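My structure is below; once you've seen it, I'll send some questions.
Chain identifiers are assigned alphabetically (A, B, ...) following the order of the sequence lines, protein sequences preceding nucleic acid strands; residue numbering begins at 1 within each chain. Remember, predicted model here, so these are calculated numbers, not experimental data.
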Amino acid sequence: METVYQGEIRLNRYLDKEGTPLQAIPQWACEPGWLTDCYRNMVLARALDSKAIALQRTGQMGTYASLLGAEAIDVVCGMVMRQEDVLIPYYRNHASQMLRGMKMEEVMYYWGGDERGNAAAGAGEDFPNCVPIATQSLHACGVATAIKARGEKRVAVTMCGDGATSKGDFLEALNVAGAWQLPVVFIINNNQWAISVPRAIQCGAPTLAQKAIGAGIRGEQVDGNDAIAMREALQLALDRARDGKGPSVIEALSYRLSDHTTADDATRYRENAELKQAWEVEPIKRLRNYLHNNGWWDETQEQSWSQEVNQMVQRAAENYLASDTQPVETTFDYLYAELPDSLREQRDWAQVRAMQGGSHDE
Amino acid sequence: METVYQGEIRLNRYLDKEGTPLQAIPQWACEPGWLTDCYRNMVLARALDSKAIALQRTGQMGTYASLLGAEAIDVVCGMVMRQEDVLIPYYRNHASQMLRGMKMEEVMYYWGGDERGNAAAGAGEDFPNCVPIATQSLHACGVATAIKARGEKRVAVTMCGDGATSKGDFLEALNVAGAWQLPVVFIINNNQWAISVPRAIQCGAPTLAQKAIGAGIRGEQVDGNDAIAMREALQLALDRARDGKGPSVIEALSYRLSDHTTADDATRYRENAELKQAWEVEPIKRLRNYLHNNGWWDETQEQSWSQEVNQMVQRAAENYLASDTQPVETTFDYLYAELPDSLREQRDWAQVRAMQGGSHDE
Amino acid sequence: MSDPITMVEAVNLALAHELRSDSNVVVLGEDVGVNGGVFRATAGLREEFGIKRVMDTPLAETMIAGLSIGMASQGMKPVAEMQFMGFIFPALEQIICHAARLRNRTRGRLTCPMVLRAPFGGGIRAPEHHSESTEALLAHIPGLRVVIPSSPARAYGLLLAAIRNPDPVIFLEPKRIYRVAKQPVADNGEALPLDRCFTLREGSDLTLISWGAMVKETLEAAEKLATEDIHCEVIDVATVSPLDKETLLSSVSKTGRCVIVQEAPRHCSVGSEISSLISEQALLDLQAPVGRVSGYDTVMPYYKLENQYLPNVKDIMETVKQTLEFA
Amino acid sequence: MSDPITMVEAVNLALAHELRSDSNVVVLGEDVGVNGGVFRATAGLREEFGIKRVMDTPLAETMIAGLSIGMASQGMKPVAEMQFMGFIFPALEQIICHAARLRNRTRGRLTCPMVLRAPFGGGIRAPEHHSESTEALLAHIPGLRVVIPSSPARAYGLLLAAIRNPDPVIFLEPKRIYRVAKQPVADNGEALPLDRCFTLREGSDLTLISWGAMVKETLEAAEKLATEDIHCEVIDVATVSPLDKETLLSSVSKTGRCVIVQEAPRHCSVGSEISSLISEQALLDLQAPVGRVSGYDTVMPYYKLENQYLPNVKDIMETVKQTLEFA
Ligand SMILES: Cc1ncc(C[n+]2csc(CCOP(=O)(O)OP(=O)(O)O)c2C)c(N)n1
Ligand SMILES: Cc1ncc(C[n+]2csc(CCOP(=O)(O)OP(=O)(O)O)c2C)c(N)n1
Ligand SMILES: [Mg+2]
Ligand SMILES: [Mg+2]
């Protein structure tokens with residue numbers, strides 16, 4: 001017997017749940033600047049989240065997918081990517097989207113059933129939210145193919161959940177990324193649940209990162225509740241991709257502290273004990289402890305930032321609520337670059353109907 | 001950094017290209033019985049192959065996918081599986097199909113454009129030929145799910161090519177097989193080419209067997225030109241699956257000695273030198289050498305078996321050529337258990353048209 | 001007769017009935033187990049029948065379809081759920097290339113008695129991809145049956161029939177009316193016929209043809225029109241492929257006029273087929289062109305505009321009147 | 001004018017032209033490189049333009065489609081090949097959920113200028129899954145264009161237009177006529193209009209409507225009918241979605257009769273749409289029911305019976321005569 005392949009997957013983590021270092025901290029994390037920014041952003045993300053849920057609960061917004069518990073993963077992603085990189089998100093990336101230029105009210109538009117949420121001028125070349133699971137992974141490879149073909153020093157970064165890793169297109173994406181050595185980074189937000197289906201039912205392998213092995217690419221696990229570990233992993237993956245050293249898979253371990261979406265009720269299938277335990281290791285508290293321990297953040301700062309974010313989020317909600325509804329013809333006008341003749345009659349009719357107040361509910 | 005997964009892929013091989021042992025030979029291969037049968041079957045498979053190509057070349061049969069070079073893989077598969085097991089083939093498994101009860105003329109029916117090729121009463125619960133790449137891998141998991149649900153001691157065995165391992169459904173199949181610990185064996189006939197696309201373009205990983213790692217299942221490489229190694233690997237995988245120990249992936253290394261199909265011309269994209277080299281290590285000669293070296297097979301036997309198989313194949317071809325064409329109404333009659341009313345008129349019309357000799361060519 | 005139940009409860013009742021009476025029946029899909037399905041269609045089944053009969057799968061629709069085909073070939077009767085019809089596309093290769101062909105391909109040696117259930121249609125303020133009606137894609141595929149209930153009783157009876165049918169059935173559940181109207185449904189195991197339309201209301205002036213959730217508005221329109229002395233026959237197509245041509249044609253040859261109501265886009269749709277069928281085969285009976293009320297040939301807008309997209313009672317009434325006024 | 005070339009050569013010519021004139025154009029797919037495609041449609045392109053512009057991909061249709069969308073969002077113009085239309089199904093999720101929606105979803109911020117080419121149709125004695133015509137599935141999807149050439153010149157001109165079009169185009173190539181008739185095609189870079197029918201023959205007695213390979217038999221039938229003094233107008237639909245309704249309707253209002261010829265199964269097909277369109281909007285002009293010649297609503301049989309499945313000249317002529325004899 002000849003050994004023709006050997007490989008392993010490693011897990012990285014710097015802080016325990018109290019924010020105490022478990023190993024030597026990287027240089028950049030021995031000073032407050034980036035990390036306090038990161039912390040602020042995580043708090044902001046969580047404030048937006050609470051607001052969105054409140055809007056949904058009061059009938060002012062539709063179904064919403066909360067980011068609760070994944071703030072470190074998503075904020076670090078938004079902060080470490082360069083502006084010229086391209087984010088290809090799933091539907092649970094409001095924080096990175098916001099950090100890259102999407103407005104908070106656009107997040108609300110989207111979940112409020114309005115395409116202007118994805119129009120987001122600030123999003124540049126970033127992809128819109130993606131609902132069909134795992135499909136975005138391939139767009140990331142396409143973006144990376146274009147980048148590589150043009151010899152640019154940019155990276156495509158895409159995220160998905162643990163459930164998404166079971167879907168063939170995710171695996172096809174890893175495969176082509178490996179075959180073509182594309183400048184792409186796949187982040188798996190392994191929050192342990194795909195709606196009601198626990199991680200163990202998705203896959204018999206001990207890690208999801210090892211899906212990278214079959215594609216011949218780098219894979220690693222990282223504690224996704226640990227912003228420092230997350231930044232280290234992502235920075236390395238981005239640098240490698242940017243330098244033409246190929247793609248990476250980062251399995252970021254987290255926990256979905258919320259229901260799957262506001263349409264879900266996790267108490268139907270999930271033990272409260274598990275949830276309680278997960279709150280113990282959640283990312284915001286952990287980073288706050290670390291900052292506290294280093295004297296870089298205190299109660300006063302916490303208070304004032306908390307007020308500030310609440311105001312920001314409140315303003316965004318007000319803008320959202322004050323917005324008009326798109327006219328019905330927008331349903332036609334963005335379908336093609338130019339409206340085909342065959343659709344003219346339907347468009348006219350849609351306008352007439354709208355003017356007559358003809359709507360399904362009435 | 002904590003190591004959370006370690007794994008490796010090993011390659012097994014017993015004979016070098018001259019049929020000389022490279023390591024201790026398993027007990028069963030130290031006697032002539034099974035191996036000479038295996039050899040005979042391989043020769044038969046190759047004879048059928050030649051005949052099929054001749055029929056195609058003379059316009060008496062349609063496009064045909066040759067087995068040339070994969071005889072050890074496929075014959076061993078047909079011989080090691082038990083009758084109660086289920087074969088879920090791709091389109092290049094005539095040998096195993098034949099060994100499991102399909103008639104040679106049925107192989108010709110199939111490639112001759114006649115559904116009766118798949119009807120094959122002798123095939124029992126085996127699946128028909130499968131053209132859409134990799135789709136059959138999931139059927140195998142479904143068969144294995146049924147077997148497991150019923151607590152039976154049977155195994156689903158499925159085969160595909162190296163190209164097929166890039167397709168998402170193959171990977172979804174590995175994943176569910178691992179998650180559910182299904183009694184299924186995946187054989188990859190890695191013949192180095194997917195039509196004109198070489199193995200290196202399919203995947204950046206050094207082996208295809210390591211795709212098993214992402215699914216948490218056993219994977220190994222075996223020299224598919226070595227019938228002894230092939231039987232060892234498959235027998236172990238079958239035993240494990242039968243005993244409830246879960247699925248395996250066997251990447252059998254071979255070489256497509258033929259064009260992809262008779263519709264293909266490999267000289268357009270493949271170096272002749274590579275082909276010549278592959279002929280050096282091909283499975284039939286290798287096993288013949290081993291049998292010769294052990295004094296289990298000689299020229300006389302070769303001659304007489306050769307005559308015998310040619311006659312068998314010739315008879316099959318004659319039966320095939322003497323066969324009638326199915327009546328057009330069969331196009332309707334097997335579509336549903338019972339013909340829906342809405343199709344009655346079309347069926348009647350098809351019969352009238354056929355009687356009037358109305359056919360597209362005229 | 002039992003207490004009145006909703007359509008989604010009727011689906012649940014039928015599933016439980018078949019799980020109980022045929023040990024080959026299994027239910028599988030995403031979140032169908034402990035969670036009981038995102039619409040609760042499989043609620044309680046896991047508890048009653050156990051994890052071997054009610055299986056949460058990994059997240060992979062291609063896999064769910066392919067697995068079901070393999071199971072069906074072994075004589076099991078998988079009832080697989082696609083969480084929403086908007087996520088059925090990965091399963092199409094398996095459905096089109098295999099489920100619809102296994103019997104034909106093997107001349108009946110292997111068969112594929114599976115059901116693929118999917119909630120479909122708009123009107124519940126759902127996110128993107130949760131509101132489409134693409135029944136036409138499936139209806140175009142030879143070898144499939146595409147069945148769509150429009151009431152609790154029909155959901156129960158047709159789902160029983162679908163599960164017992166020896167061939168693959170796509171069973172599309174109009175989720176907008178999952179919980180809209182209750183109806184007493186006896187859990188008596190009596191199936192309703194497939195491949196048959198249901199005439200829900202008799203009338204002599206015009207034939208209204210619909211299926212799925214739009215049957216609700218269609219019946220409402222017929223009701224209102226009746227107060228104006230316009231008497232519409234209302235037909236629920238129920239099986240959109242293969243089509244019960246006879247019922248449709250004989251109704252139109254009686255009424256001489258016809259309006260088709262569907263939620264789906266119009267181009268190359270089930271409505272196109274029915275309209276062409278009637279025009280081609282009942283032309284001499286037709287006193288006016290076939291009228292069509294449908295969704296637009298656009299992507300289903302996000303929910304703020306979905307009520308603009310969905311046909312409504314007024315649209316139906318207007319089209320009926322135009323058709324009646326035709327010279 | 002150049003030497004006469006076949007349709008597949010015309011496809012090749014158009015690809016080369018666009019690769020040459022627009023550096024954003026890339027060709028990708030299975031076997032499109034060194035091998036030049038299984039039908040030789042991409043022959044020589046790899047040699048001229050190199051592996052960065054002409055890319056052999058791993059074997060994964062979902063991936064090919066998804067990758068193309070990502071590339072297109074970056075302003076590239078991928079022209080992807082599906083080796084046969086029978087293998088397009090894995091790509092449908094990407095096509096339907098993303099290619100067709102990217103512009104609409106982002107209100108024009110991102111667009112998807114991609115072409116997906118696929119040879120389709122029967123008649124070449126090919127194995128299973130190599131002979132289907134499922135254009136209706138794609139035609140039903142809002143946001144797509146589905147274009148089908150029926151001659152070398154139209155293949156050249158329409159493919160140029162498809163590549164230059166800022167939206168996704170599904171370009172279906174009827175492989176039965178890939179090499180049937182040659183035609184001089186000038187490589188002048190002149191595109192033909194999309195969304196337009198082509199009137200191939202004028203006539204006053206009846207309108208024959210077809211597309212793809214069946215245009216050949218349709219023209220032959222028209223020719224033969226002319227010798228019997230029956231003068232058919234022949235229209236090649238060319239873009240089956242969105243439809244050039246005007247050309248179709250105005251021809252039928254001129255001739256008063258119409259026969260639609262398609263190779264695909266009939267139920268919920270492009271033919272259904274055209275038939276319903278004409279019956280609904282030109283009823284008063286119609287002197288006879290719209291006639292339809294089509295494939296059966298069955299799985300395409302293996303090749304021994306495929307000529308029984310495919311419509312033929314005689315079928316067309318008979319249906320024309322029946323339509324003309326209609327009271
Ligand atoms: C193709 C597809 N199938 C099903 C769904 C319905 N669905 C939405 S989210 C979800 C679970 C996703 O879980 P995971 O990938 O772990 O991501 P998470 O939401 O936990 O972050 C499912 C099944 C979908 N959106 N797309
Ligand atoms: C889904 C799908 N895509 C494309 C094809 C066309 N095709 C037939 S065989 C083949 C190559 C298969 O290569 P491999 O998997 O290595 O098997 P091999 O034929 O070499 O044994 C391709 C692309 C197909 N049959 N199915
Ligand atoms: Mg998850
Ligand atoms: Mg191969």
Side-chain angles (χ1 to χ4, degrees), chain A residues 62-65 91 109-115 117-118 129 131-135 161-169 194-198 201-203 260-261 263-266 268-270 325-328 330-332 334-335 340 342-343 346-347 349-350 353-354 356 358-362, chain C residues 29-40 43 46 51 55-63 83-84 86-87 89-90 122-131 176 214 217 263 265-267 294-315 318:
Chain A
T63 302
Y64 170 76
Y91 47 78
Y109 274 132
Y110 179 76
W111 297 103
D114 187 324
E115 286 83 354
N118 280 328
N129 289 318
V131 169
I133 298 290
T135 52
D162 44 312
T165 66
S166 297
K167 201 157 160 272
D169 38 7
I195 309 187
S196 73
V197 179
I201 288 189
Q202 289 298 335
C203 180
H260 169 68
T261 64
D264 176 48
D265 173 8
R268 284 213 298 253
Y269 52 79
R270 198 163 69 169
T325 299
Q326 298 182 98
V328 69
T330 55
T331 303
F332 293 84
Y334 294 103
L335 200 56
S342 68
L343 279 176
Q346 286 186 18
R347 184 181 183 278
W349 166 232
R353 255 178 108 205
Q356 295 173 345
S359 154
H360 182 82
D361 268 351
E362 287 146 292
Chain C
E30 295 156 8
D31 304 291
V32 299
V34 185
N35 195 32
V38 293
F39 286 105
R40 325 284 305 125
R46 171 77 157 254
I51 61 167
M55 305 186 278
D56 275 327
T57 64
L59 201 173
E61 285 77 10
T62 311
M63 184 273 289
Q83 198 158 80
F84 289 86
F87 308 131
F89 307 121
I124 62 160
R125 291 167 54 100
E128 265 194 289
H129 300 285
H130 290 70
S131 304
R176 178 157 63 81
M214 288 311 302
E217 282 74 26
E263 183 171 321
R266 170 179 299 232
H267 193 69
S294 76
Y296 302 126
D297 286 313
T298 65
V299 171
M300 181 86 184
Y302 293 8
Y303 80 74
K304 277 263 174 70
L305 288 177
E306 73 174 337
N307 283 338
Q308 299 277 338
Y309 181 93
L310 297 172
N312 58 39
V313 175
K314 200 171 143 211
D315 298 330
E318 273 173 25

Q | Atom pair CG (C:N35) and NE2 (A:H260), whose distance is rounded to the nearest 0.5 Å | A |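 So the gap between those two atoms works out to 10.0 Å.
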
Q: Go through the atoms of A:I195 and report whether side chain, backbone, both or neither lie under 4.5 Å from a heavy atom of chain C.
A: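 Both parts, backbone and side chain.
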
(Q) If I measure from the heavy atoms of chain A, does C:E306 come under 4.5 Å with its side chain, its backbone, both, or neither? (A)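 No part of it gets close to chain A.
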
Q: Identify the two heavy atoms, one from C:K304 and one from A:G112, that lie closest to each other, and give their separation to 0.1 Å.
A: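 Heavy atoms only, the tightest pair is CG-O, 3.1 Å.
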
Q: State, yes or no, whether a side-chain contact exists between A:D264 and C:V38 at a heavy-atom distance under 4.5 Å.
A: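 No, too far: nothing below the 4.5 Å cut-off.
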
Q: Compare every heavy atom of C:P127 with every heavy atom of A:T63, then report the nearest pair and how far apart it is.
A: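 Taking every non-hydrogen atom into account, CB-CG, 3.9 Å.
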
Q: Verify, without hydrogens or angle tests, whether A:Q346 (side chain) and C:D297 (backbone) share a donor-acceptor contact under 3.5 angstrom.
A: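 Yes, because the side chain of A:Q346 sits within donor-acceptor range (under 3.5 Å) of the backbone of C:D297.
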
Q) Sub-3.5 Å donor-acceptor pair from the side chain of A:E115 to the main-chain atoms of C:Y302, do we have one? A)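 Pair found, side chain donor or acceptor close to backbone of C:Y302.
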
Q: State which residues pass ring pair (Phe, Tyr, Trp, His ring centres under 6.0 Å) with C:Y309; sequence neighbours excluded, sorted by chain then number.
A: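 Result, ring pair (Phe, Tyr, Trp, His ring centres under 6.0 Å) vs C:Y309: C:Y296.
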
(Q) So which atom in C:L59 and which in A:A164 form the shortest heavy-atom distance, rounded to 0.1 Å? (A)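 Smallest interatomic distance, heavy atoms only, reads CD1-N, 4.3 Å.
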
Q: Side chain from CB out, backbone as N, CA, C, O: work out which of these in C:R46 comes under 4.5 Å of a heavy atom of chain A, or both, or neither.
A: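 Neither the backbone nor the side chain of C:R46 comes within 4.5 Å of chain A.
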
**Q.** Smallest separation among heavy atoms of C:D56 and A:I201, with atom names
**A.**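 Smallest heavy-atom distance, with atoms named: O-CG2, 3.8 Å.
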
Q: Write down the atom of C:P58, the atom of A:Q202, and the distance for their closest heavy-atom approach.
A: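 Heavy atoms only, the tightest pair is CA-OE1, 3.5 Å.
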
Q.
What part of C:H130 gets within 4.5 angstrom of chain A, counting heavy atoms only: side chain, backbone, both, or neither?
A.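 When you check distances to chain A, only side chain atoms of C:H130 fall under 4.5 Å.
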
Q) Side chain, backbone, both or neither: which part of C:T62 has an atom under 4.5 Å from a heavy atom of chain A? A)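 For C:T62, there is no contact with chain A at all, as no heavy atom is under 4.5 Å.
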
Q.
Is A:D162 close to chain C through its backbone or its side chain, or both, or neither, when contacts mean heavy atoms under 4.5 Å?
A.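 Answer is neither: A:D162 stays 4.5 Å or more from chain C.
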
Q) When heavy-atom pairs shorter than 4.5 Å are enumerated against chain A, which of C:R266, C:H267, C:H129 gives the highest number? A)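 Ranked by contacts with chain A, first place is C:H129.
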
Q: Could you tell me which non-hydrogen atom of C:Q308 sits nearest to which non-hydrogen atom of A:A354, and how far apart they are?
A: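 Answer, listing the atom of C:Q308 first, then A:A354: OE1-CB, 3.4 Å.
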
(Q) Are A:R353 and C:E318 packed together at the side-chain level, in the sense that at least one heavy-atom pair is separated by less than 4.5 angstrom? (A)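 Not touching, per the 4.5 Å side-chain cut-off.
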
Q.
Among A:T331, A:T330, A:L343, which residue has the highest count of heavy-atom pairs closer than 4.5 Å to chain C?
A.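 Max contact count across the listed options: A:T331.
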
